[in-house]
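To start, the structure under review is shown below, and the notes come after it.
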Amino acid sequence: MVARDFSVDLNKPLVFQVGYLGEAYDEWVHQPIVSKAGPRFFANDLLECLTRTKWWVIPMVWLPVVCWVISLSIKRGLDLSEAAMAVLGGIFIWTLLEYTLHRFLFHLKTRSYWGNTLHYLLHGCHHKHPMDSLRLVFPPAATAILCLPAWGIIRLLSTPSLAPALFGGVLLGYVMYDVTHYYLHHGQPSKGVAHYKLKKYHLNHHFRAQTMGFGITSSLWDHVFGTYPLSKAA
């Protein structure tokens, strides 16, 4: 299904075009178009609507869930300090998930029609159009689907009282990730503050060293695994 010498028409819905790029997809998707106007993904208006999410929807939807699951752990016997430690543990787990997913899934090289298509929907669209504000955070419906196996694994590996707070920490880590990611693209932190350095580090990943710098909320795991960009590229 891959067409030789195929060229993407940016004036038409993109999702079902990118698959035809074949091996050329990886190079194409990592040549960013810097524009706040995002492309159209689908010809169908409903599908198109489902790909667009404002950043504030993420905390609005998920912070009440975080509070609810933490309250379950307290009702099941954890005291406040134990619940707090479980939440912190969940946030720490998220930082490793954030790095691992970004490095090994979001930057997976694809060449088949459906591989390219799915990769574009998952993360490629963000690298091609990094300033598209409505496709920067993850749609809640997709997050809800991914929460199911995450909850199942945490429940399997921990106690009934600990599992909800630990899951709440992971979910809180995700919320922090998504809103931080949005801010790094569209916020204007003052020079010298922590987010200024983090913004520089993340935009370096987009525009200079796309095979380095996979952390979003921190560079911790890039330092651990040797993927922190060299100072000349930072």
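Each residue takes its place number in the sequence, starting with 1.
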- Item | Glu27 side-chain N/O to Ala24 backbone N/O, donor-acceptor pair under 3.5 Å | no
- Message: I'd like to know if Asp132 and Arg52 make a salt bridge, using a cut-off of under 4.0 Å between side-chain N and carboxylate O.
- Response: no
- Item | Co-members of Val193 in a cluster of I, L, V, M, F, W and Y side chains, linked at under 4.5 Å | Tyr196
- Message: Looking at Asp222 and Gly215, would you say the former's side chain and the latter's main chain have a donor-acceptor pair under 3.5 Å?
- Response: yes
- Message: Apply salt bridge (charged side-chain N to carboxylate O under 4.0 Å, His left out) to residues Arg135 and Glu48 and explain how you reach the verdict.
- Response: CA-CA 11 Å; Arg135 295 195 179 95; Glu48 181 69 11; 2.6 Å; yes
- Task: Give a yes or no on whether the backbone of Gly19 and the side-chain of Tyr120 come within a donor-acceptor separation of less than 3.5 Å.
- Result: no
- Query: When you look at CE of Met212, are more than 12 heavy atoms from neighbouring residues, nucleotides or ligands closer to it than 6.0 Å?
  - Reply: yes
- Message: Just to verify, what does Tyr177 make a side-chain hydrogen bond (donor to acceptor under 3.5 Å, both in side chains) with, not counting sequence neighbours?
- Response: none
- Glu98 side chain vs Tyr174 backbone, donor-acceptor pair below 3.5 Å: no
- Short question: side chain of Ser71, backbone of Trp68 - any donor-acceptor pair under 3.5 Å? yes
- Item | Test item: Trp94 side-chain N/O and Val170 main-chain N/O as donor-acceptor pair under 3.5 Å | no
- Message: Is there a ring-ring contact (aromatic ring centres under 6.0 Å, His included) between Tyr183 and Trp56? Walk through the geometry before answering.
- Response: CA-CA 11 Å; Tyr183 182 74; Trp56 48 262; over 10 Å; no
- Is there side-chain contact between Val69 and Leu171, with at least one heavy-atom pair below 4.5 Å? no
- Query: Given the side-chain rings of Tyr201 and His205, with only the six-membered ring counted for Trp, is the space between their centroids under 6.0 Å?
  - Reply: no
- Do His202 and His195 have ring centres separated by under 6.0 Å? no
- Message: Please check if the number of heavy atoms outside Trp28 that lie under 6.0 Å from its CH2 is greater than 12.
- Response: yes
- Return yes when atom CG of Leu148 has more than 12 non-hydrogen atoms of other residues, nucleotides or ligands closer than 6.0 Å, and no otherwise. yes
- Keeping the roles fixed (side chain from Arg155, backbone from Ser158), state whether a donor-acceptor pair exists under 3.5 Å. no
- Message: Check for me whether the distance between the ring centres of Phe214 and Phe106 falls short of 6.0 Å.
- Response: no
- Quickly, which of His107, His126, His206 forms a ring-ring contact (aromatic ring centres under 6.0 Å, His included) with His30? Name it, please. His107
- Measure the spacing between CG of Leu157 and CG of Leu162 and express it to the nearest 0.5 Å. 10.5 Å
- Could you check Ile33 against Lys128 for side chain to side chain contact (heavy atoms under 4.5 Å, CB included), going step by step and ending with a plain yes or no? CA-CA 6 Å; Ile33 297 173; Lys128 190 64 181 179; 3.8 Å; yes
